[in-house]
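In the text below, chain A, chain B and the rest are named by the order of the sequence lines, each starting its count at 1. Bear in mind that the values here come from a model prediction, so they are computed numbers and not experimental data.
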Amino acid sequence: MDIFIKNIVDLLKAEIPLSEEEIKGLIEIPPDLKMGDFAFPCFAVAKQLKNNPGKISAELAQKLPISDSITDIKSQGPYLNFYVSKEMIFKTVLDEIFTESDFYGSSDSGAGKTAVIDYSSPNIAKHLAVHHLRSAVIGNAIYNLYKTIGYKCVGINHLGDWGTQFGQLIVAFKRWGPDLKGQDSIKETGLDISKLNELYVRFHKEAKDNPSLEDEARDWFRKLEGGNEEAIETWQYFKDISLSEFERVYEKLGIKFDSYAGESFYNNMLNDTVKRIKDAGLSEVSEEALIVNLEEYDMPPCILRKKDDASLYATRDICAAEYRKREYNFDKMIYVVGSEQRLHFKQLFKVLELMGYEWMSDCIHVDFGLVKFKQGKMSTREGKVVLLEELLVESCKIAEEIIDGKNADLENKAEVANDVGIGAIIFSELSTKRVKDVMFDWNEILNFDGETGPYVQYTHARLCSVLRKCGGTVTNEVDYDVFKEDDELLLVKKLESFPLTIIRSAQNCEPSILSKYLLDLCSTFNRFYQHHRILIDDTELKMARILLVDSIRQVIKNGLSILGLKAPERM
RNA sequence: GCGCCAGUAGCUCAGCUGGAUAGAGCAUCAGAUUUCUAAUCUGAGGGUCGGAGGUUCGAAUCCUCCCUGGCGUACCA
């Protein structure tokens, strides 16, 4: 399509006092097919030409020559509308998709560069709940997007496996946990994540009446950081229990990480980091804590060490950033973390800047809105959560029931039910812009009609079905001149914008751009499918439509795969 | 109090760097299946784009103020 734009620019630059770049920037796509394929708004040059836009447009329409590629130029009010050769559009686009297949949409703008993506990063010793879904799913999609535009990606699950809360858990475990029979290790206690959760909730309940528990907890965390054997053994046990559960859920979601280096991983590097900050003269002691004063940047201080000398998450994040730069030498580091931590990241980036790290400008906080209940914010502390695994199981169950009702003989029913059930959940997380807070609603997230993952998957299955029935031979050796329907033109134009959609989606770290695109493509196809037959007697038209169908199938498949959804061929 | 983010149809949301008539889905109602999967499609109703100013040929989009909601605001993450 760039070819057409270049042609138009070439035509215009002779008549208009603007540079090629300026003209190119002004060219837009008209809202309706009737208005042509490209448009140039003449407002922009009205002043310079001392004429009104309508007249300029009318004069240009008369003056400019048409050609094989630009088949018509019309003036419509202040707009100059260009009509390009439909045959060339179809040929260019469908040929490209046919040739590139699984790689259609990929580009190499990130070739040779590395992106580190920090996502999911839950606190251990708790179940994964529905509010953990967003970071994981968004991060995974961003990982795939960057990979698609050529980056080497490193996915990091920065586990929250360190901090005062583990002091709290140890206290709770010692007070109310299972009795140790003296022999063997604590691994014999049969603790699971639910029991850990109960201990956590109980701690916060009891600490309200008995604040000394908090002191006790801080003391245990200090011991943990100091390497106390009992503390470490208990903590490691908690971590093992948690990870086995997490991995099961990630597996279901199809989400992977290249590294599980969590907060604890940096424990023995913390001193060096703090020393560097001290030596740079950035830190000071205030109210017994070691801080970096950020007053002149209108921010509260970044606390490096509490008054009892224990570290905080900010300390560990600074340390982790340094480590990742050393280890991966990233060109971009993306933190997929909720928007309630905005200030934290602002402080973190400021401290990195003050430390003299120019690469801090490569770090971005990709934030997202809260998941809320009607009753208010979810809180693990109060035990008010919907478990993620429970949601996934429920969704797959519903998917299976629907299949039983529609396509009971489906061969790999369980597998497809799983793909669709999980797909529904993932897609619903990715279909609105990140910044929006979302209200958790069972009915909404388990809806399989309308703008949903199953809708996209269903459309894909339909396309596959048509291709099966046509005998399976798809060729790009077709007569591109047989496409006459508006719906076909809309489809091919939509297909053409796929690579650009991916780039925009990646650059904005906004998977919803791609989700919306897929919904739009599917709805355009379903409309076409309803009104026009594909498997018809007219062989020329049939072969051309089959190529179009196959191209749509390919783009949906590529898009779903980036978002982290499976594309079943039957459902 | 201060800071950040959001406010578009009854509900959930699109609307690219300002551009042609503000669009979908859900829900409601009315339709479409001897024909490629009805998890689909067609149609109807439904809007002071939170409010008021301003910039501009032109504003849902940019600026200012106000209202409402969410989040954050030194030893949690």
Side-chain angles (χ1 to χ4, degrees), chain A residues 25-26 28-32 35 39 41 43-44 46-47 52-53 76-79 81 121-123 160 162-165 168 218 263 286-291 294 298-308 310 312-314 316-317 337-344 346 367 369-370 372 377 381 399 402-403 405-407 420 424 428 431-433 435-439 441 443-444 447-452 454-459 461-470 497 500-501 504 508 512-513 516 519-520 522-523 526-536 545 549 570-571:
Chain A
L26 285 168
E28 52 190 73
I29 313 279
D32 193 294
M35 301 172 180
F43 315 102
K47 266 187 191 158
N52 75 61
Q76 192 164 344
Y79 286 91
N81 292 335
S121 310
N123 291 330
W162 209 242
T164 318
Q165 50 172 328
Q168 296 168 347
R218 272 190 284 272
E263 296 190 57
S286 168
E287 297 173 29
E288 294 175 77
L290 184 69
I291 66 160
L294 298 173
D298 292 317
M299 285 186 267
C302 176
I303 301 173
L304 301 171
R305 293 232 183 255
K306 301 194 275 193
K307 62 184 169 196
D308 65 3
L312 282 100
Y313 71 128
R316 301 188 283 270
D317 268 358
V337 180
S339 53
E340 69 272 20
Q341 292 199 37
R342 272 184 112 115
L343 177 60
H344 165 67
K346 238 178 108 183
D367 62 341
L370 241 53
K372 291 183 295 187
K377 191 180 167 177
R381 292 192 180 184
I402 295 176
I403 294 172
K406 294 173 187 289
N407 198 356
V420 174
S428 90
S431 58
T432 67
K433 287 199 301 190
V435 291
K436 299 268 182 186
D437 284 348
V438 291
M439 188 73 86
D441 182 336
N443 292 331
E444 208 170 298
N447 178 26
F448 288 25
D449 298 328
E451 297 178 324
T452 64
Y455 174 74
V456 179
Q457 290 171 318
Y458 173 74
T459 308
R462 263 185 157 178
L463 288 153
C464 288
S465 174
V466 173
L467 291 166
R468 273 196 304 273
K469 298 215 160 130
C470 84
S497 63
L500 199 63
T501 301
R504 260 209 322 135
N508 295 301
S512 71
I513 294 175
K516 290 287 177 200
L519 288 172
D520 199 16
C522 289
S523 123
N526 281 318
R527 190 169 58 241
F528 171 78
Y529 182 85
Q530 195 75 20
H531 300 295
H532 305 283
R533 290 195 55 79
I534 295 150
L535 305 177
I536 46 177
R545 283 189 172 165
V549 162
R570 299 173 204 253
M571 63 186 267

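Rounded to whole Å, the distance from CD1 on A:Ile403 to P on B:U37 is 16 Å. As a whole-Å value, the separation of A:Gln76 CD from B:A20 C1' is 8 Å. Atom CG in A:Asp298 sits roughly 10 Å away from atom C1' in B:C2 (whole-Å rounding). If you take CD1 of A:Ile534 and C1' of B:U40, they are 13 Å apart, rounded to a whole angstrom. Atom CD1 in A:Ile29 sits roughly 14 Å away from atom P in B:A20 (whole-Å rounding). For A:Arg305 and B:A74, the CZ to P distance is 21 Å, given to the nearest whole Å. In this entry the distance linking CZ of A:Phe528 with P of B:C41 reads 15 Å, nearest Å. Rounded to an integer number of Å, the gap from A:Asp520 CG to B:C13 C1' is 14 Å.
Checking B:U21, B:A77, B:G70 against the side-chain heavy atoms of A:Tyr313 singles out B:A77 as nearest. Taking every side-chain heavy atom of A:Lys516 into account, B:C13 is the closest of B:C41, B:C13, B:A20. Distances from the side chain of A:Thr164 to the nucleotides B:C76, B:U21, B:A74 place B:C76 closest. Of the candidates B:U40, B:U21, B:A77, B:A77 carries the atom nearest the A:Leu312 side chain, counting heavy atoms from C-beta on. Which of B:C5, B:C16, B:A20 sits closest to the side chain of A:Arg504 comes down to B:C16. For A:Lys469, counting side-chain heavy atoms from C-beta on, the closest listed nucleotide (B:G72, B:C41, B:U37) is B:U37. Nearest nucleotide to the A:Glu287 side chain, out of B:C13, B:C26, B:A74: B:A74. Closest to the side chain of A:Leu370, out of B:G70, B:A74, B:A14, is B:G70. Of the candidates B:A6, B:A74, B:A77, the closest approach to any side-chain atom of A:Glu263 belongs to B:A77. When distances are taken from the side chain of A:Ser286 to each of B:G7, B:A74, B:C5, the shortest belongs to B:A74.
Note on A:His344: nothing from the nucleic acid sits closer than 4.0 angstrom, heavy atoms only. Here A:Asn508 lies out of heavy-atom contact (under 4.0 Å) with every strand.
Residues A:Val337 and A:His344 have side chains not in contact (no heavy-atom distance under 4.5 Å, counting atoms from C-beta outward). At least one side-chain heavy atom of A:Leu343 sits less than 4.5 Å from a side-chain heavy atom of A:Met299. Inter-residue side-chain proximity for A:Leu294 and A:Cys302 is flagged as met; some heavy-atom pair is nearer than 4.5 Å. Side-chain atoms of A:Gln530 and A:Arg527, non-hydrogen and from C-beta on, never get closer than 4.5 Å to each other. Residues A:Ile534 and A:Phe528 form a side-chain contact, since some pair of their non-hydrogen atoms from C-beta on lies under 4.5 Å apart. No side-chain heavy atom of A:Val420 sits under 4.5 Å from any side-chain heavy atom of A:Tyr458. Considering only heavy atoms from C-beta on, A:Arg462 comes within 4.5 Å of A:Asn526 through its side chain.
For the pair A:Asn447 and A:Phe43, nearest-nucleotide mapping onto RNA chain B gives the more 5' position to A:Phe43. Along RNA chain B, the nucleotide closest to A:Ile513 and the one closest to A:Tyr529 are compared, and the more 5′ of them pairs with A:Ile513.
Side-chain nitrogen and oxygen atoms of A:Tyr458 include none within less than 4.0 Å of the OP1 or OP2 phosphate oxygen of B:C41. Here A:Lys433 reaches the OP1 or OP2 of B:G15: one of its side-chain N or O atoms lies under 4.0 Å away. In this model, the phosphate group of B:C36 is not approached by any side-chain N or O of A:Arg545 to a distance below 4.0 Å at OP1 or OP2. For B:G7, one of the phosphate oxygens OP1 or OP2 lies less than 4.0 angstrom from a side-chain nitrogen or oxygen of A:Lys436. Contact annotation: A:Arg342 does not reach the phosphate of B:U73 (side-chain N/O to OP1 or OP2, under 4.0 Å).
Between B:U61 and B:A20, the distance separating the two P atoms is 13 Å to the nearest Å. B:U12 sits 14 Å from B:G50 when the P atoms are compared, rounded to a whole Å. Rounded to whole Å, the C1' atom of B:U40 lies 40 Å from the corresponding atom of B:G58. B:U64 and B:U28 have their P atoms separated by 43 Å, with the value rounded to a whole Å.
A donor-acceptor pair shorter than 3.5 Å cannot be found between the side chains of A:Asn447 and A:Thr452.
The shortest non-hydrogen separation linking A:Pro41 to A:Ala39 is CD-O, 3.9 Å.
Counting only Watson-Crick or G-U wobble pairs whose defining distances are both under 3.5 Å, the stems of 3 or more consecutive pairs in RNA chain B are B:1-7 with B:67-73, B:10-13 with B:23-26, B:28-32 with B:40-44, B:50-54 with B:62-66.
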